[in-house]
Participant: 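First the structure, which I've put down as structure tokens, then a few questions once you've had a look.
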Amino acid sequence: MSQMRRQLLGTAASGVGWVGVIVATATNDWVRTCDYTKATCVRMDELSSRGLWAECVISPSLHHCVGLTQILTLPAYVQTARALMICACLLGLPATLLILMSMACVRLQNDTSAVKKRRARVGGVLFIFMAVCSIISTVWFPIGANKEEDLMSFGFSLYSGWVGSALCLLGGIIILCCQGIDPGTPSRDDSFYYSGNRGTATLLDPPANHAKSARV
């Protein structure tokens, strides 16, 4: 698989993972708590769904949510999860832009292969850091919720965060791993050019001096 295809694969995986992280952050079905069986809790209107921004009561005829607006009184795990997930969502934008600008099909003024590789590496690191933030948040939140109330099940928001974190981590690793020198494309950096005057190899800076020293 060529370097370009690996980079496209890593970018696609990271992009889908970023969407998953945004969905997990924006929705409130992270965990479901109940003191009884699920059927009993639904009948008694005691099945609650909790997320980063609201706590909802689920019943056959009612889905009522109360916003978690009292920031100072919120548990530490909720505030930390909010901060980490917001950071993860925001990091996705510069990471995606850097990866797109490092593509071989994108040409910027005074662009070199070294600059493109540097952009891709920074973008890959940002995606990995974004995945770490999301993983910490999606693991810590259900643990903290279980300490407060009996945890019954995980919601789709939590699964979306886990899948998104895994894809961002995988995509970031692929992007970093494909930034070596492609064997199919020989590098001209640190090349030796032979000069006909002395018959010796001289290390020159291509391509500016190549025309002057390529006479054999």
Participant: If hydrophobic clusters are built from ILVMFWY residues whose side chains come within less than 4.5 Å, do Val163 and Val132 share one?
Facilitator: no

Participant: Out of curiosity, does Trp162 fall in the hydrophobic cluster containing Ile135 (side-chain heavy atoms, cut-off under 4.5 Å, transitive links)?
Facilitator: yes

Participant: Would you sort out whether Glu55 and Ser48 count as a side chain to side chain contact (heavy atoms under 4.5 Å, CB included), showing the intermediate values?
Facilitator: CA-CA 7 Å; Glu55 187 170 358; Ser48 62; 4.2 Å; yes

Participant: CZ of Phe129: more than 12 outside heavy atoms within 6.0 angstrom?
Facilitator: no

Participant: Side chain of Ser137, backbone of Ala81: donor and acceptor closer than 3.5 Å?
Facilitator: yes

Participant: Any side-chain heavy atom of Ser14 sitting closer than 4.5 Å to one from Thr96?
Facilitator: no

Participant: Please report the shortest heavy-atom distance between Ser165 and Val21, naming the atom on each side.
Facilitator: N-CG2, 4.2 Å

Participant: About how many Å separate CG of Leu176 and CZ of Arg121, when rounded to the nearest 0.5 Å?
Facilitator: 8.5 Å

Participant: Can you hop from Trp53 to Tyr159 via hydrophobic side chains spaced under 4.5 Å?
Facilitator: yes

Participant: Between Leu8 and Met103, is there a side-chain heavy-atom distance shorter than 4.5 Å?
Facilitator: yes

Participant: Is any side-chain heavy atom of Arg82 less than 4.5 Å from a side-chain heavy atom of Leu74?
Facilitator: yes

Participant: Between Thr138 and Ser134 (side chain of the first, backbone of the second, donor and acceptor by atom type, cut-off under 3.5 Å), is there such a pair?
Facilitator: yes

Participant: Does Leu93 form a side chain to side chain contact (heavy atoms under 4.5 Å, CB included) with Trp18? I'd like the steps, not just the answer.
Facilitator: CA-CA 9 Å; Leu93 181 59; Trp18 183 29; 4.1 Å; yes

Participant: Hydrogens and angles aside, do Ser49 and Asp29 bring a side-chain donor and acceptor to less than 3.5 Å of each other?
Facilitator: yes

Participant: Taking the six-membered ring for Trp, are Phe141 and Trp30 closer than 6.0 Å centroid to centroid?
Facilitator: yes

Participant: Can you give me the closest heavy-atom contact between Leu52 and Val78, atom names plus distance?
Facilitator: O-CG1, 4.0 Å

Participant: Side-chain contact test, heavy atoms from C-beta onward, threshold under 4.5 Å: evaluate it for Cys133 versus Met85 and give yes or no.
Facilitator: no

Participant: Between Arg50 and Val31 (side chain of the first, backbone of the second, donor and acceptor by atom type, cut-off under 3.5 Å), is there such a pair?
Facilitator: no

Participant: What's the shortest heavy-atom distance between Trp140 and Tyr77, and which atoms?
Facilitator: NE1-CB, 4.0 Å

Participant: Of all the heavy-atom pairs spanning Gln7 and Ala120, show the shortest one and how long it is.
Facilitator: NE2-CB, 4.1 Å

Participant: Once you round to the nearest 0.5 Å, how far does CD1 of Ile128 lie from SG of Cys168?
Facilitator: 10.5 Å

Participant: Once you round to the nearest 0.5 Å, how far does CD1 of Ile175 lie from OG1 of Thr11?
Facilitator: 4.0 Å

Participant: Measure across Thr25 and Cys89 and return the closest heavy-atom pair with its distance rounded to 0.1 Å.
Facilitator: OG1-SG, 3.4 Å

Participant: Is there a path of hydrophobic side-chain contacts, each under 4.5 Å between heavy atoms, that joins Leu91 and Ile86?
Facilitator: yes

Participant: So do the side chains of Leu126 and Met130 get within less than 4.5 Å of each other, counting heavy atoms only?
Facilitator: no

Participant: Which pair of non-hydrogen atoms, one from Phe127 and one from Gly172, has the smallest distance, and what is that distance?
Facilitator: CB-CA, 4.1 Å

Participant: Assigning hydrophobic clusters by single linkage (Ile, Leu, Val, Met, Phe, Trp, Tyr; side-chain heavy-atom cutoff under 4.5 Å), is Val122 placed with Leu90?
Facilitator: yes

